[in-house]
Amino acid sequence: VSNAGVGMAGPLECQSLAAMQSLMDTNFFGLVRLVKEVLPDMKRRRGGHIVVISSIMGLQGIVFNDIYSASKFAVEGFCESLVVQALRFNVAISLVEPGPVMTEFETKLYEEAERADYSRTDPETAEIFTKVYLRSSKDVFTSLGQTPEDVAEHTLRVIEAPQPPFRHQTNVAYTPMAALKHADPSGALITDAFYKLVFKYDTVLRFSLR
(Lines give C-alpha, C1' and ligand atoms only; values in the text may rest on other atoms or scores of the structure.)
Protein backbone atom coordinates (compact mmCIF):
# COMPACT_ATOMS: atom_id res chain seq x y z
CA VAL A 1 0.00 0.00 0.00
CA SER A 2 1.46 3.35 -1.08
CA ASN A 3 0.14 6.18 1.08
CA ALA A 4 2.96 8.76 1.21
CA GLY A 5 1.74 12.26 0.45
CA VAL A 6 2.12 15.96 1.12
CA GLY A 7 -0.22 18.79 0.20
CA MET A 8 0.09 22.24 -1.31
CA ALA A 9 -2.59 24.84 -1.87
CA GLY A 10 -2.42 28.48 -2.87
CA PRO A 11 -1.66 30.87 -5.73
CA LEU A 12 0.97 29.47 -8.08
CA GLU A 13 3.14 32.61 -7.89
CA CYS A 14 3.54 32.13 -4.13
CA GLN A 15 4.96 28.61 -4.34
CA SER A 16 8.65 27.96 -4.91
CA LEU A 17 9.96 25.50 -7.47
CA ALA A 18 11.88 23.76 -4.69
CA ALA A 19 8.64 23.15 -2.76
CA MET A 20 6.94 21.89 -5.93
CA GLN A 21 9.82 19.49 -6.65
CA SER A 22 9.76 18.23 -3.06
CA LEU A 23 6.02 17.53 -3.33
CA MET A 24 6.48 15.64 -6.61
CA ASP A 25 9.36 13.67 -5.09
CA THR A 26 7.08 12.43 -2.31
CA ASN A 27 3.71 12.09 -4.03
CA PHE A 28 4.88 10.70 -7.37
CA PHE A 29 8.48 9.50 -7.19
CA GLY A 30 7.83 8.01 -3.75
CA LEU A 31 5.30 5.72 -5.42
CA VAL A 32 7.65 4.98 -8.33
CA ARG A 33 10.45 3.99 -5.95
CA LEU A 34 8.11 1.67 -4.04
CA VAL A 35 6.80 -0.02 -7.19
CA LYS A 36 10.33 -0.53 -8.54
CA GLU A 37 11.15 -2.37 -5.31
CA VAL A 38 8.14 -4.69 -5.12
CA LEU A 39 7.13 -5.29 -8.74
CA PRO A 40 10.04 -7.52 -9.87
CA ASP A 41 9.38 -10.09 -7.13
CA MET A 42 5.63 -9.97 -7.76
CA LYS A 43 6.27 -10.64 -11.45
CA ARG A 44 8.54 -13.59 -10.61
CA ARG A 45 5.86 -15.01 -8.30
CA ARG A 46 3.15 -14.11 -10.82
CA GLY A 47 1.00 -12.69 -8.07
CA GLY A 48 0.58 -9.52 -6.06
CA HIS A 49 -1.53 -6.46 -5.43
CA ILE A 50 -0.32 -2.84 -5.30
CA VAL A 51 -2.80 -0.45 -3.70
CA VAL A 52 -2.16 3.25 -4.29
CA ILE A 53 -3.86 6.03 -2.33
CA SER A 54 -4.55 8.57 -5.04
CA SER A 55 -7.15 11.36 -4.89
CA ILE A 56 -10.22 12.66 -6.65
CA MET A 57 -7.83 15.46 -7.65
CA GLY A 58 -6.05 12.92 -9.83
CA LEU A 59 -9.20 12.85 -11.96
CA GLN A 60 -10.21 16.52 -11.83
CA GLY A 61 -8.03 19.51 -11.09
CA ILE A 62 -9.29 21.83 -8.36
CA VAL A 63 -8.64 25.56 -8.29
CA PHE A 64 -5.56 26.58 -6.21
CA ASN A 65 -4.42 22.95 -6.00
CA ASP A 66 -2.41 23.07 -9.21
CA ILE A 67 0.74 21.25 -8.07
CA TYR A 68 -0.98 18.75 -5.78
CA SER A 69 -3.41 17.86 -8.58
CA ALA A 70 -0.51 17.54 -11.00
CA SER A 71 1.17 15.03 -8.69
CA LYS A 72 -1.99 12.95 -8.44
CA PHE A 73 -2.56 13.11 -12.20
CA ALA A 74 0.99 11.75 -12.53
CA VAL A 75 0.12 8.93 -10.12
CA GLU A 76 -3.00 8.09 -12.12
CA GLY A 77 -1.18 8.13 -15.46
CA PHE A 78 1.68 6.03 -14.13
CA CYS A 79 -0.66 3.36 -12.77
CA GLU A 80 -2.94 3.42 -15.81
CA SER A 81 0.08 2.77 -18.03
CA LEU A 82 1.54 0.09 -15.78
CA VAL A 83 -1.61 -1.90 -15.01
CA VAL A 84 -1.82 -3.57 -18.43
CA GLN A 85 1.72 -4.97 -18.16
CA ALA A 86 1.14 -5.95 -14.52
CA LEU A 87 -1.98 -7.95 -15.38
CA ARG A 88 0.12 -10.09 -17.71
CA PHE A 89 1.95 -11.28 -14.57
CA ASN A 90 -1.23 -11.62 -12.48
CA VAL A 91 -0.37 -8.49 -10.50
CA ALA A 92 -3.29 -6.18 -9.64
CA ILE A 93 -3.00 -2.41 -9.26
CA SER A 94 -5.73 -0.45 -7.49
CA LEU A 95 -6.16 3.30 -7.16
CA VAL A 96 -8.14 4.39 -4.09
CA GLU A 97 -9.46 7.91 -4.76
CA PRO A 98 -10.74 9.79 -1.70
CA GLY A 99 -12.21 13.26 -1.73
CA PRO A 100 -11.68 15.47 1.35
CA VAL A 101 -10.60 13.55 4.44
CA MET A 102 -10.72 15.15 7.88
CA THR A 103 -7.21 14.67 9.27
CA GLU A 104 -4.41 16.72 10.84
CA PHE A 105 -2.85 16.70 7.35
CA GLU A 106 -5.61 18.95 6.03
CA THR A 107 -5.89 21.02 9.19
CA LYS A 108 -2.19 21.87 9.11
CA LEU A 109 -2.31 22.63 5.37
CA TYR A 110 -5.09 25.20 5.78
CA GLU A 111 -3.60 26.72 8.93
CA GLU A 112 -0.37 27.33 7.01
CA ALA A 113 -2.35 28.76 4.08
CA GLU A 114 -4.08 31.28 6.34
CA ARG A 115 -0.73 32.53 7.70
CA ALA A 116 1.16 32.57 4.38
CA ASP A 117 2.54 35.62 2.57
CA TYR A 118 0.66 36.38 -0.65
CA SER A 119 2.60 39.48 -1.65
CA ARG A 120 4.07 37.66 -4.67
CA THR A 121 0.68 37.47 -6.36
CA ASP A 122 -1.77 40.21 -7.31
CA PRO A 123 -4.27 41.47 -4.69
CA GLU A 124 -7.30 40.09 -6.56
CA THR A 125 -5.89 36.54 -6.66
CA ALA A 126 -4.87 36.75 -3.00
CA GLU A 127 -8.37 37.83 -2.04
CA ILE A 128 -10.01 35.06 -4.09
CA PHE A 129 -7.83 32.49 -2.35
CA THR A 130 -8.19 33.78 1.20
CA LYS A 131 -11.78 35.04 1.12
CA VAL A 132 -13.43 32.59 -1.29
CA TYR A 133 -11.38 29.41 -1.59
CA LEU A 134 -10.30 28.90 2.03
CA ARG A 135 -13.76 29.69 3.38
CA SER A 136 -15.50 27.35 0.90
CA SER A 137 -12.95 24.59 1.53
CA LYS A 138 -13.74 24.54 5.24
CA ASP A 139 -17.42 24.10 4.41
CA VAL A 140 -16.62 21.33 1.91
CA PHE A 141 -14.57 19.42 4.49
CA THR A 142 -17.20 19.85 7.18
CA SER A 143 -20.07 18.80 4.92
CA LEU A 144 -18.51 16.21 2.59
CA GLY A 145 -15.33 15.10 4.35
CA GLN A 146 -14.75 11.49 5.33
CA THR A 147 -12.98 10.16 8.39
CA PRO A 148 -9.66 8.32 7.98
CA GLU A 149 -11.39 5.22 9.33
CA ASP A 150 -13.97 5.37 6.54
CA VAL A 151 -11.26 5.60 3.87
CA ALA A 152 -9.40 2.74 5.58
CA GLU A 153 -12.55 0.58 5.38
CA HIS A 154 -12.84 1.32 1.66
CA THR A 155 -9.17 0.45 1.19
CA LEU A 156 -9.59 -2.83 3.08
CA ARG A 157 -12.51 -3.78 0.80
CA VAL A 158 -10.30 -3.11 -2.23
CA ILE A 159 -7.49 -5.24 -0.76
CA GLU A 160 -9.84 -8.14 0.02
CA ALA A 161 -11.77 -8.04 -3.27
CA PRO A 162 -11.52 -11.32 -5.24
CA GLN A 163 -11.12 -9.22 -8.40
CA PRO A 164 -9.63 -5.91 -7.25
CA PRO A 165 -10.93 -2.83 -9.08
CA PHE A 166 -8.46 -0.58 -10.87
CA ARG A 167 -10.18 2.56 -9.57
CA HIS A 168 -12.28 2.98 -6.44
CA GLN A 169 -13.75 6.31 -5.35
CA THR A 170 -14.50 6.44 -1.63
CA ASN A 171 -16.93 9.38 -1.63
CA VAL A 172 -20.11 9.14 -3.72
CA ALA A 173 -20.57 12.91 -3.49
CA TYR A 174 -17.81 13.29 -6.08
CA THR A 175 -19.19 10.80 -8.62
CA PRO A 176 -21.15 13.50 -10.51
CA MET A 177 -17.98 15.58 -10.87
CA ALA A 178 -16.13 12.72 -12.52
CA ALA A 179 -19.13 11.96 -14.72
CA LEU A 180 -19.41 15.60 -15.81
CA LYS A 181 -15.82 15.57 -17.02
CA HIS A 182 -16.32 12.43 -19.09
CA ALA A 183 -19.60 13.71 -20.51
CA ASP A 184 -17.83 16.43 -22.49
CA PRO A 185 -14.39 15.53 -23.93
CA SER A 186 -13.77 19.21 -24.85
CA GLY A 187 -13.62 20.13 -21.15
CA ALA A 188 -15.96 23.09 -21.59
CA LEU A 189 -18.76 21.67 -19.44
CA ILE A 190 -16.70 20.96 -16.32
CA THR A 191 -14.68 24.19 -16.66
CA ASP A 192 -17.83 26.28 -16.94
CA ALA A 193 -19.44 24.47 -14.00
CA PHE A 194 -16.44 25.07 -11.72
CA TYR A 195 -16.07 28.68 -12.82
CA LYS A 196 -19.67 29.42 -11.92
CA LEU A 197 -19.38 27.60 -8.58
CA VAL A 198 -16.31 29.62 -7.60
CA PHE A 199 -17.08 33.06 -9.03
CA LYS A 200 -20.86 33.33 -9.49
CA TYR A 201 -22.60 31.02 -7.06
CA ASP A 202 -20.06 30.76 -4.24
CA THR A 203 -22.55 32.08 -1.68
CA VAL A 204 -25.15 29.52 -2.76
CA LEU A 205 -22.49 26.78 -2.66
CA ARG A 206 -21.46 27.63 0.91
CA PHE A 207 -25.07 27.88 2.06
CA SER A 208 -25.98 24.52 0.54
CA LEU A 209 -22.95 22.86 2.14
CA ARG A 210 -23.87 24.25 5.54
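The chain is numbered in sequence order, starting from 1. The structure displayed is predicted, hence computed values, not measured ones.
Within the 3.5 Å criterion, the main-chain N or O of Leu144 finds a donor-acceptor partner in the side chain of Asn171. Of the possible donor and acceptor atoms, none in the side chain of Ser69 sits under 3.5 Å from a partner among the backbone N and O of Asp66. The backbone N or O of Phe89 lies less than 3.5 Å from no partner atom in the side chain of Arg46, so there is not a single donor-acceptor pair. Remark: the backbone N or O of Asp25 is paired with a side-chain donor or acceptor of Arg33 at under 3.5 angstrom. Judged by distance alone, with hydrogens and angles left aside, the side-chain atoms of Gln60 form no donor-acceptor pair with the main-chain N or O of Lys181 at under 3.5 Å. Checking side-chain atoms of Ser94 against main-chain N and O of Val158 turns up no donor-acceptor pair under 3.5 Å.
Using a 4.5 Å heavy-atom threshold, the side chains of Leu12 and Met20 count as touching. Contact annotation: the side chain of Phe78 never approaches that of Val52 to less than 4.5 Å [non-hydrogen atoms, C-beta and beyond]. A 4.5 Å side-chain heavy-atom check between Leu39 and Leu82 finds at least one atom pair inside the cut-off.
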All N/O donor-acceptor pairs, side-chain side in residues 187-195, below 3.5 Å, sequence neighbours left out:
residue: Thr191; atom: OG1; partner: Gly187; partner atom: O; Å: 2.7
residue: Asp192; atom: OD2; partner: Lys196; partner atom: NZ; Å: 3.1

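Contacts of His49 classified as ring-ring contact (aromatic ring centres under 6.0 Å, His included), with partners at least two apart in sequence or in another chain: none. Checked against side-chain hydrogen bond (donor to acceptor under 3.5 Å, both in side chains), Tyr133 has the following partners two or more places apart in sequence or in another chain: Asn65, Tyr110. With sequence neighbours excluded, no residue satisfies ring-ring contact (aromatic ring centres under 6.0 Å, His included) with Phe73. Taking the side-chain hydrogen bond (donor to acceptor under 3.5 Å, both in side chains) definition, one finds that Thr155 meets it with nothing, sequence neighbours left out. Among residues two or more places apart in sequence or in another chain, the side-chain hydrogen bond (donor to acceptor under 3.5 Å, both in side chains) test is passed with Glu13 by Thr121.
Glu76 pairs with exactly one of Ser81, Ser54, Ser55, Ser71 by the side chain to side chain donor-acceptor pair (under 3.5 Å) rule, that one being Ser54. With respect to Arg167, the side chain to side chain contact (heavy atoms under 4.5 Å, CB included) criterion is satisfied by exactly one of Ile93, Leu59, Val96, Val83: Leu59.
Remark: Glu97 does not engage Lys72 in a salt bridge, criterion side-chain N to carboxylate O under 4.0 Å.
Taking the six-membered ring where the residue is Trp, His168 and His154 present tilted rings, their angle falling between 30° and 60°.
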#### Entry: Residues Val1, Ile159; criterion side-chain contact (heavy atoms from CB on, under 4.5 Å); working and verdict
CA-CA 9 Å; Val1 177; Ile159 291 171; 4.1 Å; yes
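One hydrophobic cluster, built from ILVMFWY side chains closer than 4.5 Å, holds both Val91 and Leu95.
Between the side chains of Thr125 and Asp122, a donor-acceptor pair is found at a separation under 3.5 Å.
Rounding to the nearest 0.5 Å places CZ of Arg88 at 11.5 Å from CG of Asn90.
The 12-atom threshold is exceeded at OH of Tyr118, counting heavy atoms of other residues, nucleotides or ligands nearer than 6.0 Å.
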